[in-house]
2 protein chains.
Amino acid sequence: MIRILVADDHTVVRESLVAALIASGECQVIAEAADGVAAVEQALLLRPNVAVVDISMPKLNGIEVVRRLAVEAPEVRSLVLTMHEEEEYVLHMVHAGASGYLVKHAPMAELITAVKTLAAGEVYFGPYVSRVLAMQVQRPGRSFDDPYGALSIREREVFHLVVDGMTTKEIARKLEISTKTAENHRSRILEKLGVRNTAELVRYAVRKHLLD
Amino acid sequence: MIRILVADDHTVVRESLVAALIASGECQVIAEAADGVAAVEQALLLRPNVAVVDISMPKLNGIEVVRRLAVEAPEVRSLVLTMHEEEEYVLHMVHAGASGYLVKHAPMAELITAVKTLAAGEVYFGPYVSRVLAMQVQRPGRSFDDPYGALSIREREVFHLVVDGMTTKEIARKLEISTKTAENHRSRILEKLGVRNTAELVRYAVRKHLLD
DNA sequence: CTAAACATGGGTGTTTACCCCCATCGAATC
DNA sequence: GATTCGATGGGGGTAAACACCCATGTTTAG
């Protein structure tokens with residue numbers, strides 16, 4: 001029987017996870033934690049086979065929890081469960097010593113599979129994570145697929161003004177360039193970022209956290 | 001036996017919720033949905049007693065789902081389940097016609113209680129929501145200027161499609177209306193929300209948390 | 001029942017967005 | 001020194017967005 005620790009600050013979610021894991025009949029949940037500090041304490045005390053850890057938690061986030069467990073209790077395998085698919089998270093978690101990474105969009109069956117895989121001493125990364133890791137190996141140092149980074153200085157200025165809702169004419173006036181130049185920049189930005197129109201451009205900015 | 005619909009885009013969470021609800025032995029889950037559109041469809045088709053709805057969902061967010069169910073299937077009681085505690089969410093949801101509001105920090109037992117309360121025809125709002133509502137009653141001045149709420153059902157559909165980056169023509173095709181009608185809706189939306197163009201519209205959606 | 005709101009679609013413009021070419025000039029790179 | 005890249009500007013065109021009108025039915029609310 002696989003002994004599991006579940007750490008998630010949302011009580012409804014955590015207790016549901018516990019119920020689902022138990023219902024699978026393949027494991028037992030020996031501990032729960034609602035924040036990072038409690039998760040580490042429980043793990044060090046009870047030494048579960050697998051620690052299912054959410055990233056966003058009060059007091060101590062999931063990344064820190066994984067890092068500490070990797071050092072202080074290496075036999076406890078960490079399975080990160082999160083809703084974030086951003087590459088930065090993936091790399092951080094793997095670097096911190098996580099043995100598995102699963103997004104919350106994955107089906108429950110995959111969680112069970114991941115838990116069993118980790119308990120068997122293997123690592124489990126879904127197809128998405130594997131792809132990110134592969135890209136990282138192929139092009140070390142640079143983040144994969146970062147069209148924004150391909151924008152020139154000037155193009156980034158224009159980019160932010162467009163996202164702010166300014167028209168081409170207003171942008172041209174503000175930057176003291178011709179309307180045509182601003183328009184050219186605009187087209188080039190759309191092309192480089194692979195979006196079709198202004199709406200998709202703004203959504204791109206939101207997705208990449210380029211606002212505020 | 002209480003018949004329940006569970007709508008949450010995170011599959012792990014959704015399936016766990018289902019497992020936990022079933023484990024309680026007091027209800028049966030007759031349907032699941034991974035996005036807002038599917039949630040409305042399922043609810044209209046199967047008419048559950050209670051619809052447990054997450055706020056952040058693709059295609060159609062929880063607020064919209066509640067609003068539509070309140071109109072098209074008033075006998076289906078909506079229980080909003082979210083991690084957001086912001087006042088604006090609470091007011092929006094209640095105004096949209098939700099019969100219950102629960103944060104994910106609440107214990108599972110409270111979810112069961114809430115479900116049973118709603119199934120019995122009562123409303124269930126936790127202490128936090130009640131407090132917010134009380135404050136609202138105490139200062140009934142300008143409730144909350146909500147230009148989005150001034151949009152009609154159809155206009156909201158168009159709104160979300162525009163924010164998703166679709167052109168007028170694509171929207172018309174999807175909704176099976178003429179390009180001109182879609183264009184008219186579009187203009188009216190810009191006017192009602194007080195924005196000048198698509199970029200500002202998307203930013204509005206971001207600011208009001210109307211995405212996902 | 002009447003008035004208002006809504007969804008639909010059309011007309012007629014102007015403005016803006018977007019695309020594909022092109023050229024020049026300077027700076028950096030090789 | 002030659003080449004690439006960035007920023008600048010333009011021509012010419014299509015498509016889309018946007019702003020005003022307007023008219024019908026239908027539904028809804030007072």
Side-chain angles (χ1 to χ4, degrees), chain A residues 142 146-206, chain B residues 37 40 44 60 64 67-74 95-97 143 145-205:
Chain A
R142 194 177 334 169
D146 181 18
Y148 179 77
L151 295 186
S152 68
I153 307 289
R154 198 56 154 173
E155 283 164 351
R156 280 178 211 178
E157 288 186 71
V158 176
F159 171 85
H160 286 287
L161 296 177
V162 171
V163 172
D164 276 346
M166 295 179 70
T167 67
T168 303
K169 211 179 289 180
E170 291 169 339
I171 293 171
R173 192 147 29 83
K174 186 177 184 76
L175 297 182
E176 294 179 336
I177 56 181
S178 85
T179 306
K180 193 62 194 175
T181 301
E183 193 178 320
N184 285 336
H185 282 317
R186 205 167 172 148
S187 283
R188 195 133 184 75
I189 291 167
L190 292 185
E191 183 192 345
K192 283 189 179 180
L193 299 186
V195 296
R196 300 185 303 155
N197 50 44
T198 307
E200 288 194 355
L201 184 75
V202 179
R203 297 220 51 161
Y204 176 92
V206 174
Chain B
V37 172
V40 173
L44 293 181
L60 201 67
E64 269 311 304
R67 208 187 305 271
R68 296 199 188 185
L69 290 184
V71 175
E72 302 180 38
H95 189 254
S143 302
D145 62 315
D146 180 16
Y148 178 76
L151 296 186
S152 67
I153 306 286
R154 199 54 154 174
E155 284 164 351
R156 278 176 207 152
E157 288 186 70
V158 176
F159 171 85
H160 287 287
L161 296 177
V162 171
V163 172
D164 274 347
M166 294 179 72
T167 67
T168 303
K169 212 179 288 180
E170 292 169 339
I171 292 171
R173 191 146 30 83
K174 187 178 184 76
L175 298 183
E176 293 177 337
I177 55 180
S178 84
T179 305
K180 192 60 198 176
T181 302
E183 194 179 320
N184 284 337
H185 283 316
R186 206 167 172 147
S187 283
R188 192 126 186 79
I189 291 167
L190 292 185
E191 183 192 346
K192 281 189 178 179
L193 300 186
V195 296
R196 300 182 304 154
N197 50 42
T198 306
E200 287 193 356
L201 184 74
V202 178
R203 296 222 50 165
Y204 177 92

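Chain A is the first sequence line, chain B the second, and so forth, proteins listed ahead of strands; every chain is numbered from 1.
Projected onto DNA chain D by closest heavy-atom contact, A/Thr179 and A/Arg188 fall at different nucleotides, the more 5' of which corresponds to A/Arg188. In this structure, B/Thr198 and A/Glu176 both approach DNA chain D, and ranking their closest nucleotides by distance from the 5' end singles out A/Glu176. For the pair A/Thr168 and B/Thr181, both in contact range of DNA chain C, the more 5′-proximal nearest nucleotide belongs to B/Thr181.
When each of D/dA19, C/dT16, D/dA7 is scored by its nearest atom to the side-chain atoms of B/Ser187, the top-ranked nucleotide is D/dA19. Proximity note for A/Glu155 (side chain, C-beta onward) versus D/dA7, D/dC18, C/dA17: the nearest is D/dA7. The side chain of A/Arg186 lies closest to C/dA17, out of C/dA17, C/dG9, D/dA17. Taking the side chain of B/Asn184 as heavy atoms from C-beta on, and the options D/dA19, C/dG9, D/dA17, the nearest nucleotide is C/dG9. When distances are taken from the side chain of A/Ile153 to each of D/dG10, D/dC18, D/dA7, the shortest belongs to D/dA7. Nearest nucleotide to the A/Leu190 side chain, out of D/dG9, D/dA7, C/dC19: C/dC19. Side-chain proximity of A/Lys169 to the nucleotides C/dC19, C/dG9, C/dT16 is greatest for C/dT16. Looking at the side chain of B/Lys192, the nearest of the listed nucleotides C/dT16, D/dA17, C/dC6 is C/dC6. Closest contact between the side chain of B/Glu183 and the listed nucleotides D/dG10, D/dA19, C/dA7 involves D/dA19.
For A/Arg154, a side-chain nitrogen or oxygen approaches OP1 or OP2 of D/dT8 to under 4.0 Å. Of the side-chain N and O atoms in A/His185, none sit less than 4.0 angstrom from OP1 or OP2 of D/dA7.
As a whole-Å value, the separation of B/Asn197 CG from C/dT14 C1' is 16 Å. Whole-Å rounding puts the B/Leu151 CG to C/dA5 C1' distance at 14 Å. At whole-Å resolution of the value, CG in A/Leu175 and P in D/dA7 are 11 Å apart. In this structure, CG of B/Leu201 is placed 13 Å from C1' of D/dC18, rounded to the nearest angstrom. Taking atom CD of residue A/Glu157 and atom C1' of nucleotide D/dT8, one finds them 14 Å apart after rounding to whole Å. For the pair B/Glu200 CD and D/dC18 C1', the interatomic distance rounds to 13 Å; values are reported in whole Å. Atoms CD1 (A/Ile171) and P (C/dT15) sit 18 Å apart, rounded to a whole Å.
Counting atom types as modelled, B/Lys180 pairs a side-chain N or O with a base atom of C/dT12 as donor and acceptor under 3.5 Å.
Scanning all heavy atoms of the two residues, the minimum distance from A/Ala182 to A/Ile171 falls at CB-CG2, 4.3 Å.
Without hydrogens or angle criteria, A/Asn197 side chain to B/Met166 main chain gives no donor-acceptor distance under 3.5 Å. Side-chain atoms of A/Glu200 come within 3.5 Å of backbone N or O of A/Arg196 as a donor-acceptor pair.
Using a 4.0 Å heavy-atom criterion, one finds that B/Ser152 contacts the sugar-phosphate atoms exclusively.
Taking OG1 of B/Thr167 as the start and CD of B/Glu183 as the end, the distance is 11.0 Å to the nearest 0.5 Å.
Using a cutoff of 4.0 Å between basic side-chain nitrogens and carboxylate oxygens, B/Arg188 and B/Glu191 are scored as salt-bridged.
For the residue pair B/Thr198/B/Arg186, the side-chain donor-acceptor check at 3.5 Å is satisfied.
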